[in-house]
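As structure tokens, the structure follows; a few thoughts come after it.
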Amino acid sequence: NRVFDLSGVYRVEKAFGNRCVPFVIPKGEGAAFSGVTSVLADGSAGDEVEAFKLKIIELAVEADEKLMEKYLEDGSIPAEQVMGVVQNAILAGTLTPIFCLAAEKDLGVEELMQGIASWGPTPLQIKRKVKIGDADGVLAGSEAAPLCAHVFKVVSDPHVGKICYLRIFCGKIESKQSYFVSGTEKAERFAQLLLPQGAKREEIADAVAGDIVGVTKIENLHLGNTVYAQGQEARFAPLPFPKPMSGYAVQPKARGDEQKISVNIHRLVEEDPGVKQVYEANPRWWGGKPGVDRIEAKLVPNAWRENH
């Protein structure tokens, strides 16, 4: 698939830098796509495969001075030594893998998951930019440190209600315990922790750094909030969202519908802060700043019909 090998890779490089390299290449093209071949696997051949393999080696050894010296002296590096420094290179930002797959056909998925398991940095290795008071700071992953988690997604479930998804960056969270929430800086009781498994959610007793959990029935918890334990000073900065580009006007059809509309719009706004709500008492007026992004203008009504 030369679209992936050449044009697609060049577009990725243009957008994200020339340190992005394919770790797999596709077998077949379009409807004939039948799987992927690992660039680093023994026996992989072809000019493009060799070119990608050489680039992976050159970028990977940049993360290890001794290996870089050996590479410059000998002109080559054994594959097993390269594999050993790929994770450090990804963590250092000298190398970014590119994988191709077709999820619906389950092609290339296993290779992606193996790549993440083999070379993806662990949560304890990653440092995050945070705010500590008014100053910029860094949060290092640690299971021993006080809890620090970030609300990165909010959904409205027709059966469960509002579900806030947290990614835990350090420490441990336990069900039936109380933790503080940024903004109000007040303690809230986390009665239930849910482990998302596709469309299903399993109740669990606790979770640690690197885990993603869902929590329910906490009205004062919102998208972008930091959940933290006593003694944790780190707070995550507000998430950036695109400015609205277009809008919709919504009017109730019958008496009493206004409250229903208001509740459902509030849910949509809570799930996606890119959606802005403006109330105008005069039904003949529609103007001013637009309310939602152009893409959202199509998606929001569908989401409303399906979920609300």
Side-chain angles (χ1 to χ4, degrees), residues 1-6 8-13 15-64 67 71 76-128 141 143 152-153 165 167-169 195-200 202 204 207-213:
N1 186 340
R2 298 187 61 84
V3 173
F4 173 84
D5 291 345
L6 301 176
V9 172
Y10 295 155
R11 287 197 298 271
V12 171
E13 287 182 345
F16 301 105
N18 61 5
R19 296 185 178 277
C20 303
V21 193
F23 272 47
V24 298
I25 57 174
K27 298 176 184 178
E29 179 177 352
F33 176 57
S34 60
V36 297
T37 299
S38 172
V39 171
L40 294 173
D42 293 335
S44 299
D47 293 340
E48 291 171 1
V49 171
E50 289 302 319
F52 292 143
K53 184 182 297 185
L54 180 60
K55 188 173 181 180
I56 290 173
I57 293 172
E58 291 176 345
L59 294 176
V61 297
E62 285 187 27
D64 190 298
L67 206 58
Y71 178 66
S76 63
I77 293 288
E80 59 271 14
Q81 287 187 283
V82 175
M83 303 288 252
V85 297
V86 165
Q87 186 187 66
N88 292 338
I90 294 173
L91 187 62
T94 64
L95 173 62
T96 302
I98 301 174
F99 288 85
C100 66
L101 56 91
E104 292 183 354
K105 296 181 179 180
D106 195 24
L107 299 175
V109 177
E110 183 178 350
E111 287 77 7
L112 171 63
M113 300 307 294
Q114 287 177 346
I116 293 173
S118 301
W119 303 309
T122 72
L124 301 183
Q125 292 176 297
I126 298 175
K127 296 182 179 180
R128 299 285 177 177
E143 292 184 3
F152 70 92
K153 183 177 183 179
Y165 287 99
R167 182 174 181 181
I168 304 169
F169 288 96
L195 179 66
Q197 297 285 353
K200 299 180 180 179
E202 175 187 348
I204 57 175
V208 297
D211 289 338
I212 290 175
V213 295

Side chain to side chain, [X] and [Y], heavy atoms closer than 4.5 Å:
{"X": "V213", "Y": "I204", "answer": "yes"}
{"X": "V36", "Y": "K27", "answer": "no"}
{"X": "F33", "Y": "K105", "answer": "no"}

Next on the checklist: So, applying side-chain contact (heavy atoms from CB on, under 4.5 Å) with V21, which one of V12, I57, I56, V39 is it?
Outcome noted: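 The option that passes is I56.
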
Distance from [X] atom [atom1] to [Y] atom [atom2], nearest 0.5 Å?
{"X": "L195", "Y": "D211", "atom1": "CG", "atom2": "CG", "answer": "7.5 Å"}
{"X": "F23", "Y": "W119", "atom1": "CZ", "atom2": "CH2", "answer": "5.5 Å"}
{"X": "S118", "Y": "M113", "atom1": "OG", "atom2": "CE", "answer": "11.0 Å"}

Counting only pairs under 3.5 Å, give me each side-chain donor-acceptor contact of residues 84-104, with atom names and distances, residues two or more places apart or in other chains.
{"unit_1": "Q87", "atom_1": "OE1", "unit_2": "Q125", "atom_2": "NE2", "d": "3.4"}
{"unit_1": "Q87", "atom_1": "NE2", "unit_2": "G120", "atom_2": "O", "d": "3.1"}
{"unit_1": "T94", "atom_1": "OG1", "unit_2": "L59", "atom_2": "O", "d": "3.1"}
{"unit_1": "T94", "atom_1": "OG1", "unit_2": "A89", "atom_2": "O", "d": "3.3"}

Checklist entry - What's the verdict on side-chain contact (heavy atoms from CB on, under 4.5 Å) for T37 and V24, showing C-alpha distance, side-chain angles and the deciding distance? => result CA-CA 5 Å; T37 299; V24 298; over 6 Å; no

Item to check | Minimal non-hydrogen separation, L107 against G35, with atom names | outcome: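 That would be CD1-N, 4.2 Å.
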
Item to check | Closest contact, heavy atoms only, G210 versus P123 | outcome: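 Reported closest heavy-atom pair: CA-CG, 3.3 Å.
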
Item to check | Set of residues satisfying salt bridge (charged side-chain N to carboxylate O under 4.0 Å, His left out) with respect to E13, sequence neighbours excluded | outcome: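 For E13, the residues satisfying salt bridge (charged side-chain N to carboxylate O under 4.0 Å, His left out) (neighbours in sequence not counted) are K55.
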
Item to check | With E111 via salt bridge (charged side-chain N to carboxylate O under 4.0 Å, His left out) - residues at least two apart | outcome: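 With sequence neighbours excluded, E111 shows a salt bridge (charged side-chain N to carboxylate O under 4.0 Å, His left out) to no residue whatsoever.
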
Next on the checklist: Restricting to side chain to side chain donor-acceptor pair (under 3.5 Å), what partner residues turn up for Q114, sequence neighbours left out?
Outcome noted: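 E110.
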
Item to check | Q81: partners by side chain to side chain donor-acceptor pair (under 3.5 Å), with sequence neighbours left out | outcome: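 Counting only residues at least two positions away or on another chain, Q81 forms no side chain to side chain donor-acceptor pair (under 3.5 Å).
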
Item to check | Sequence neighbours excluded, every pair satisfying salt bridge (Lys or Arg N to Asp or Glu O under 4.0 Å) that has a member inside residues 16-26 | outcome: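 The answer is R19-E62.
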
